[in-house]
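Values reported hereafter were calculated over all heavy atoms of this structure, with side chains retained and with hydrogens, waters and symmetry mates removed. Letters A, B, ... mirror the listed sequences (proteins, then strands); counts begin at 1.
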There are 2 protein chains.
Amino acid sequence: MTLGQPVSGEADPAPEGVPADEPRTVVAPRPRGSVMRDVARLAGVSHQTVSRVLNEHPNVRQETRTRVLEAMRALNYRRNLAARTLVTRRSGTLGIVGYETTLFGPASMLYGIEDAARTAGYFVSVATIRTLERDSVLQAVDRLSQQSVEGIVAIAPNPAVSHALAEVPAGLPCVGVGAADTHVPTVRIDNAAGAALATRHLLDLGHRTVHHVAGPSDWPEAAERVEGWRGTLYAAGAIVPPVLPQEWTARSGYERGRILAVDPTVTAIFCANDQIALGVLRALHEAGRRVPDDVSVVGFDDMPDSGYFLPPLTTVRQDFAELGRRGIDVLLAQIANGNRDAGQVVLAPELVVRASTAAPRSH
Amino acid sequence: MTLGQPVSGEADPAPEGVPADEPRTVVAPRPRGSVMRDVARLAGVSHQTVSRVLNEHPNVRQETRTRVLEAMRALNYRRNLAARTLVTRRSGTLGIVGYETTLFGPASMLYGIEDAARTAGYFVSVATIRTLERDSVLQAVDRLSQQSVEGIVAIAPNPAVSHALAEVPAGLPCVGVGAADTHVPTVRIDNAAGAALATRHLLDLGHRTVHHVAGPSDWPEAAERVEGWRGTLYAAGAIVPPVLPQEWTARSGYERGRILAVDPTVTAIFCANDQIALGVLRALHEAGRRVPDDVSVVGFDDMPDSGYFLPPLTTVRQDFAELGRRGIDVLLAQIANGNRDAGQVVLAPELVVRASTAAPRSH
DNA sequence: GACCTTCCTGTTATCGGTCACACCATAGTG
DNA sequence: CACTATGGTGTGACCGATAACAGGAAGGTC
């Protein structure tokens with residue numbers, strides 16, 4: 001036992017005159033636990049046999065196995081992942097590239113992904129990016145690939161991200177979650193169909209046309225929703241009002257909502273997400289236009305709070321957790337096959353009708 | 001160049017009779033990039049010199065250094081973290097134990113922590129837990145320690161989590177973020193002070209007393225806020241209404257709010273977070289009690305949406321990003337010192353007064 | 001000139017696992 | 001009985017980095 005003995009004290013005797021508390025970056029090495037050899041010794045077998053037990057190799061006698069397992073428990077052994085990774089080239093870790101993960105959607109996907117990865121026996125390493133600049137994204141991907149991640153999930157598969165992914169040398173498996181992308185396989189809900197659902201719902205209620213408060217133009221989710229909304233209006237022969245991309249925030253919705261609120265021809269508004277809808281609701285309220293009597297509002301996402309807005313929000317639900325799970329499925333399939341062509345998985349969104357939509361008042 | 005050549009194909013010829021598409025877990029090893037020796041050879045130096053350049057050792061001639069750097073660029077070299085971790089016992093990775101990370105607060109802390117860790121040159125591995133059961137927590141901590149994380153940040157430092165942390169053998173540095181805890185150093189805002197701020201504000205406006213809709217009892221944040229609220233009422237000689245712990249959701253707030261709404265003596269409600277407040281607002285609205293004319297409402301957190309509730313919510317702001325940063329600071333200090341006694345860091349919360357509070361109507 | 005520093009560089013061991021292979025039983029086959 | 005499979009186990013090499021140490025060249029001091 002080396003208890004109480006200074007760690008490697010001989011080699012470099014502290015210079016006497018120098019203040020000892022100077023904040024040097026010399027860090028004491030982490031104390032070492034027991035390793036495979038220790039377990040082997042205690043169990044009276046070779047280290048290779050311990051390895052076999054650990055990896056559930058069939059050719060180990062039952063009695064030997066239990067003896068090894070007992071030794072492992074006695075020594076509180078845990079395998080050193082770094083050593084294993086070094087030799088197998090498989091880290092058992094998946095990387096996540098996240099963007100704006102404080103938003104409800106991304107945060108939920110992150111959660112779903114982590115959950116699914118854990119279930120599949122993988123660790124999860126996260127690299128968030130602050131901006132969608134090329135360098136920022138490349139850096140994040142680089143950080144993850146340094147860690148020998150076996151695959152990467154991009155939560156915001158926008159062009160910058162997937163382009164960086166395509167550049168990853170080793171043909172790293174990857175998947176985009178949330179929106180379509182041409183460079184990487186993706187798992188997403190059908191944003192266009194969701195937008196169409198919302199627009200259709202409003203048209204069916206009798207509204208002449210539907211205004212749209214869009215999300216940021218650099219999010220493909222936002223673009224797809226614009227597309228679905230526009231297409232539906234077009235197919236119905238309704239006029240297509242201009243869109244002005246906004247952020248995903250209530251503030252954005254409020255600002256855009258104030259403009260829409262003073263326009264008496266506006267009777268139905270489809271918002272790119274629920275937070276935007278929240279802002280729009282407030283703007284309408286302040287302008288004295290009642291929802292849904294004067295104006296109908298639909299959101300997108302169905303965050304847990306949406307049912308408690310004033311009034312409760314009609315919205316398009318997407319199952320973020322399921323999205324995460326399916327994303328991991330696709331990634332694992334790629335890892336198993338070695339190729340990237342795992343295709344596209346598209347989940348159907350669902351319209352949740354609450355109290356924020358109604359037929360327009362007939363004059 | 002080994003391009004096109006099968007990787008170690010000789011050793012284990014595929015058994016002829018077995019269907020080839022059986023889903024076995026045999027995975028092709030990741031193709032290998034260039035390693036230190038390759039760089040060394042190209043630069044005409046030893047691998048150790050490459051290592052010196054990489055680690056910014058001072059004793060390398062300028063010319064040698066540039067030659068090595070060029071070789072690294074030419075070969076697109078990146079250091080193998082697993083090998084480095086194996087020998088140094090330092091993984092450069094911090095672990096995060098997260099709970100309910102889809103909530104705005106936890107998600108924001110996660111983000112702040114990741115950001116700060118990256119800035120400090122650390123990677124981040126996440127282990128979320130679904131329940132606060134002892135086993136679930138232990139498992140998460142175990143997963144992280146398997147990865148040789150150098151420290152752990154607990155986002156929900158509730159007793160179960162910190163207890164598990166205390167059991168980590170190697171004296172792993174750790175820190176709890178968000179609430180006080182007796183087992184681990186913590187970084188938090190002063191939840192009690194924040195609650196006091198809110199309560200005081202309502203009392204100062206002239207309310208006789210303040211009702212409270214609390215968070216879940218197994219979150220120390222919730223308990224601390226109850227404490228601050230209760231203490232302030234007590235000091236002011238106001239009566240202390242009973243509390244019923246709820247979840248952090250709007251739904252919870254709504255349910256509790258419906259009960260409070262029918263009680264005419266209720267004129268001021270302090271909610272444990274903004275989402276609860278949202279539910280309370282709706283319940284009051286439905287009951288025909290106007291905010292702030294009939295009832296004042298205060299939240300906690302200041303999520304981005306709170307300013308767009310109807311009416312805009314008076315709330316207690318906590319700076320989650322700063323919390324994350326400071327958490328990493330404390331953790332890094334522990335890693336540098338080797339001991340766990342990095343004390344408590346307490347940040348001051350701030351009251352943000354908006355339109356949901358006013359003096360009670362005088363009869 | 002002998003000697004000691006200081007700067008720069010290379011050689012070898014090592015971290016803790018897995019892989020390839022050798023080995024020894026025992027059992028089955030002709 | 002010789003010969004081959006097969007189950008169970010041990011031995012040594014190896015993954016790719018860093019640590020420890022050795023040693024050569026250049027410069028300074030006596």
Inset, instruction - Please tell me which of A:Thr49 and B:Ala83 maps to the more 5' nucleotide of DNA chain D, matching each residue to the nucleotide holding its nearest heavy atom. - result: A:Thr49

Legend entry - Between C:dT14 (C1') and A:His47 (NE2): distance, integer Å: 15 Å

Inset, instruction - Whole angstrom is fine here: how far is it from CZ in A:Arg37 over to C1' in D:dG10? - result: 15 Å

Inset, instruction - Using atom CZ of A:Arg89 as one end and atom P of C:dG16 as the other, report the distance to the nearest whole Å. - result: 20 Å

Inset, instruction - Identify, between A:Gln48 and A:Gln62, the residue whose nearest nucleotide on DNA chain D lies closer to the 5' end. - result: A:Gln62

Inset, instruction - Taking all non-hydrogen atoms of both residues into account, name the closest pair between B:Ile129 and B:Leu132 and its distance. - result: CD1-CD2, 4.0 Å

Inset, instruction - Check whether any side-chain N or O of A:Arg118 sits under 3.5 Å from a backbone N or O of B:Thr128 as a donor-acceptor pair, and report yes or no. - result: yes

Inset, instruction - Classify the nucleic acid contact of A:Thr85 as base, sugar-phosphate or nothing, counting any heavy atom under 4.0 Å across all strands shown. - result: nothing

Inset, instruction - Write down the distance between CZ (B:Arg84) and C1' (C:dT14), rounded to a whole number of angstrom. - result: 16 Å

Legend entry - Between P of C:dG16 and CZ of A:Arg52, the distance in whole Å: 21 Å

Inset, instruction - For residues B:Ser91 and B:Thr85, report the shortest heavy-atom separation together with the two atoms involved. - result: CA-OG1, 3.5 Å

Inset, instruction - Please state whether the phosphate of D:dA19, meaning OP1 or OP2, lies under 4.0 angstrom from any side-chain nitrogen or oxygen of B:Thr88. - result: no

Legend entry - Whole-Å distance separating the CG atom of A:Asn59 from the C1' atom of C:dT26: 14 Å

Legend entry - A:Gly44 versus A:Arg67, closest heavy-atom pair with distance: O-NH2, 4.2 Å

Inset, instruction - Rounded to the nearest angstrom, tell me the gap between atom CG in B:Asn80 and atom P in C:dC15. - result: 18 Å

Legend entry - B:Val87 side-chain proximity, nearest of C:dG16, D:dT11, D:dT18: D:dT18

Legend entry - Heavy-atom pair of closest approach, residues A:Ile113 and A:Val153: CD1-CG1, 3.5 Å

Legend entry - Length of the line joining B:Leu86:CG and C:dC15:C1', which is rounded to integer Å: 4 Å

Inset, instruction - Report yes if a side-chain nitrogen or oxygen of A:Arg79 is closer than 4.0 Å to either non-bridging phosphate oxygen (OP1 or OP2) of C:dG16; otherwise report no. - result: no

